[in-house]
Colleague: 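This structure is in structure tokens; I'll ask about it shortly.
Here the structure is a predicted model, which is why all the values come from computation and not from measurement.
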Amino acid sequence: PTVDSTAITQSSTLGAGFWSFSGMGTATATIYNVEAQAYFRSAAGLIVDHPDAFHLDTWLAATDWAFESLTGYEGAKPASFIFSWSFLNGAEGASASVANLSGLQKRVLAVYDARFSVLDAMRARHDRVYGSAH
């Protein structure tokens with residue numbers, strides 16, 4: 001895929017004080033199990049976080065994908081980031097099922113589960129401090 005745009009943005013799900021990366025990409029060939037990943041760097045050049053976004057289904061050639069990372073970095077806005085893609089070539093197999101996932105699919109789903117667990121814990125902590133209506 002090609003990257004049409006990327007930026008560090010305020011997280012649309014976590015709100016003020018949390019930074020995600022977002023952007024737009026175009027598939028140059030049909031691919032699947034796509035991971036867009038960024039390494040956030042502080043003003044001192046240190047890696048402070050590694051958020052990622054996933055497109056698990058087939059991403060058809062010449063189509064766009066608007067992405068945002070699932071989690072966000074809390075703190076000062078990172079000064080910069082390093083971006084990369086990982087993916088599998090071709091279309092996802094029609095015979096793929098939850099019982100017959102590839103190793104990469106299982107790892108991606110495990111990352112999704114872990115990231116959503118972290119997000120759920122952060123939301124619960126926020127709700128305890130500020131109340132669920134905040």
Colleague: Just do the side-chain contact (heavy atoms from CB on, under 4.5 Å) check on Asp4 and Asp64 with the steps written out, would you?
Modeller: CA-CA 9 Å; Asp4 302 321; Asp64 295 330; 4.0 Å; yes
Colleague: Considering non-hydrogen atoms only, spot the tightest contact between Phe21 and Ala38 and give its length.
Modeller: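 Result for this residue pair: CD2-CB, 3.5 Å.
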Colleague: Same cluster or not: are Phe40 and Val3 linked, directly or through other Ile, Leu, Val, Met, Phe, Trp or Tyr residues, by side-chain heavy atoms under 4.5 angstrom apart?
Modeller: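 Shared cluster, yes.
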Colleague: Would you find a donor on one side and an acceptor on the other, under 3.5 Å apart, between the side chain of Trp19 and the backbone of Gly75?
Modeller: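 Checked: pair present.
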Colleague: Show the nearest heavy-atom pair for residues Glu35 and Asp52, with the distance to one decimal.
Modeller: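 Looking at all heavy atoms of both residues, the closest pair is OE2-OD2, 2.8 Å.
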Colleague: Looking at every heavy atom in both Thr28 and Thr2, which two are closest together, and how far apart are they?
Modeller: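 Minimum heavy-atom separation between Thr28 and Thr2: CG2-CG2, 3.5 Å.
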Colleague: Linking I/L/V/M/F/W/Y whenever their side-chain heavy atoms sit closer than 4.5 Å, directly or via other members, would Phe83 and Val34 fall into one cluster?
Modeller: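 Linked within one cluster.
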Colleague: Hey, what do you get for CD (Glu74) to OG (Ser11), rounding to the nearest 0.5 Å?
Modeller: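 Answer rounded to 0.5 Å: 11.0 Å.
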Colleague: May I ask you to test the Ile31-Pro1 pair for a side-chain heavy-atom distance under 4.5 Å?
Modeller: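 A side-chain contact exists here, since the closest heavy-atom pair is under 4.5 Å.
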Colleague: Which hydrophobic side chains are connected to Leu46, either touching it within the sub-4.5 Å cutoff or through other members that do?
Modeller: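 Direct or chained contacts put Leu46 with none.
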Colleague: Would you give the length of the straight line joining atom OG of Ser20 to atom CD of Gln10, rounded to the nearest 0.5 angstrom?
Modeller: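 These two atoms lie 9.0 Å from each other.
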Colleague: What about Phe67 and Trp65, are their ring centers closer than 6.0 Å?
Modeller: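 So the answer is yes for these two rings.
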Colleague: Shortest non-hydrogen contact from Asp57 to Glu92?
Modeller: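 Of all heavy-atom pairs spanning Asp57 and Glu92, the closest is CA-OE1, 3.9 Å.
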Colleague: Do the side chains of Leu14 and Phe54 join up, straight or via other hydrophobic residues, at under 4.5 Å, putting them in one cluster?
Modeller: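 Shared cluster, yes.
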Colleague: Report yes or no: do Phe81 and Val48 belong to one cluster of Ile/Leu/Val/Met/Phe/Trp/Tyr joined by side chain heavy-atom distances under 4.5 Å?
Modeller: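 Linked within one cluster.
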Colleague: For Thr9 and Glu68, does a side-chain donor sit closer than 3.5 Å to a side-chain acceptor?
Modeller: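 No, because no side-chain N or O of Thr9 sits under 3.5 Å from a partner of the opposite role on Glu68.
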Colleague: Looking only at non-hydrogen atoms, find the nearest pair between Phe87 and Asn89 and report the distance.
Modeller: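 Closest approach of Phe87 to Asn89: CE1-OD1, 3.4 Å.
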Colleague: Using atom types as modelled and distance alone, determine if a side-chain donor or acceptor of Thr58 lies under 3.5 Å from a backbone N or O of Leu60.
Modeller: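 No; judged by distance alone, with no hydrogens or angles, the pair does not exist.
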Colleague: Any chance you could measure Tyr32, atom OH, to Leu88, atom CG, to the nearest 0.5 Å?
Modeller: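 Tyr32 atom OH to Leu88 atom CG measures 4.5 Å (nearest 0.5 Å).
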Colleague: So do Arg41 and Pro78 actually touch side chain to side chain, heavy atoms under 4.5 Å?
Modeller: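 In short, these two side chains do not touch, never coming nearer than 4.5 Å.
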Colleague: Using a 3.5 Å distance criterion without hydrogens, assess whether the side chain of Ser69 forms a donor-acceptor pair with backbone atoms of Pro51.
Modeller: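 Absent.
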Colleague: Rounded to the nearest 0.5 Å, what separates atom CD1 in Ile8 from atom OG in Ser22?
Modeller: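 Ile8 atom CD1 to Ser22 atom OG measures 9.5 Å (nearest 0.5 Å).
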